[in-house]
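One structure is given here, and the rest of the page talks about it.
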Amino acid sequence: YNLTKFAVEGVSEALADELKPLGIRVTIIEPGPFRTDFAGRSADFAENEIADYAATAGKTRENLRGYQGTQKGDPLRAVRVMMELVDHPNPPLRLLMGALALMRYRTKAKAWAADVDAWEAVTLGTDFPD
């Protein structure tokens, strides 16, 4: 699931660069949990659970089961924003939707920045010397 989302994000970034000169804009919608049936009847779980994945996929599965009916995201508000985005003269490349999406993005951005900073000397050391 996450692999597919990441691939679509990469393709969307590439498309945004290629289509921008043609006046075509691309926006990646990155929603947090919305109060839909995604975590309810729509969720389909494998019968066999692998113990080695309990801390990763298993945790995600348990979180998903607990979301149903308590998601903070309002689907109608999200739809209104997406409809307005279509006519916006300068839409963003990414649009986060919901508090959890924002929190996850900021956590990821801080971790990425820390990693880049920690390895800056190695990164710069791969260039030809001046």
Side-chain angles (χ1 to χ4, degrees):
Y1 174 76
N2 287 327
L3 175 67
T4 302
K5 288 195 317 183
F6 191 72
V8 169
E9 185 173 347
V11 167
S12 298
E13 284 183 13
L15 277 173
D17 284 343
E18 290 182 27
L19 298 174
K20 189 173 185 176
L22 304 174
I24 299 171
R25 304 292 187 142
V26 174
T27 297
I28 304 165
I29 305 292
E30 302 201 31
F34 275 76
R35 204 165 295 174
T36 66
D37 201 28
F38 177 77
R41 292 176 317 175
S42 297
D44 192 15
F45 300 102
E47 289 182 29
N48 298 322
E49 296 181 9
I50 301 171
D52 291 341
Y53 289 106
T56 56
K59 184 178 176 186
T60 300
R61 185 174 36 252
E62 290 308 310
N63 288 341
L64 184 61
R65 287 178 176 144
Y67 279 152
Q68 184 58 22
T70 64
Q71 303 96 318
K72 289 188 66 132
D74 181 340
L76 292 178
R77 288 180 181 205
V79 168
R80 284 188 202 113
V81 168
M82 286 186 267
M83 296 294 289
E84 291 170 9
L85 198 61
V86 171
D87 292 323
H88 197 283
N90 191 25
L93 174 60
R94 277 180 186 74
L95 181 62
L96 305 171
M97 290 192 169
L100 186 58
L102 180 60
M103 184 270 305
R104 285 184 175 164
Y105 171 79
R106 287 188 170 151
T107 300
K108 180 179 178 177
K110 285 178 186 175
W112 190 8
D115 214 22
V116 168
D117 291 345
W119 287 87
E120 182 176 353
V122 174
T123 299
L124 297 175
T126 60
D127 289 344
F128 283 109
D130 290 333

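For clarity, every value in this text was computed on a predicted model and none was experimentally measured. Here, residue 1 is the first one in the sequence, and each next residue gets the next number.
- For the pair I28 and E13, the minimum side-chain heavy-atom distance is below 4.5 Å.
- Put simply, the side chain of S12 does not reach to within 4.5 Å of the side chain of L93, judged on heavy atoms.
- In the hydrophobic clustering of this structure, M103 does not group with Y105; members are Ile, Leu, Val, Met, Phe, Trp, Tyr whose side-chain heavy atoms approach within less than 4.5 Å, directly or through other members.
- Contact detail for P89 and P91: the closest heavy-atom pair is C-CD, 3.7 Å.
- The shortest distance between side-chain heavy atoms of N90 and R25 falls below 4.5 Å.
- V11 has its side chain out of reach of V8: every pair of non-hydrogen atoms, C-beta onward, lies at least 4.5 Å apart.
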Stepwise, does the side chain to side chain contact (heavy atoms under 4.5 Å, CB included) test hold for R77 with R80?
CA-CA 5 Å; R77 288 180 181 205; R80 284 188 202 113; 4.0 Å; yes

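- Counting only heavy atoms from C-beta outward, the side chains of M82 and M97 approach each other to under 4.5 Å.
- Residues A101 and G32 come closest through the heavy atom pair CB-N, 3.6 Å.
- Taking all atoms of both residues into account, the shortest heavy-atom contact from P21 to E18 is CD-O, 3.5 Å.
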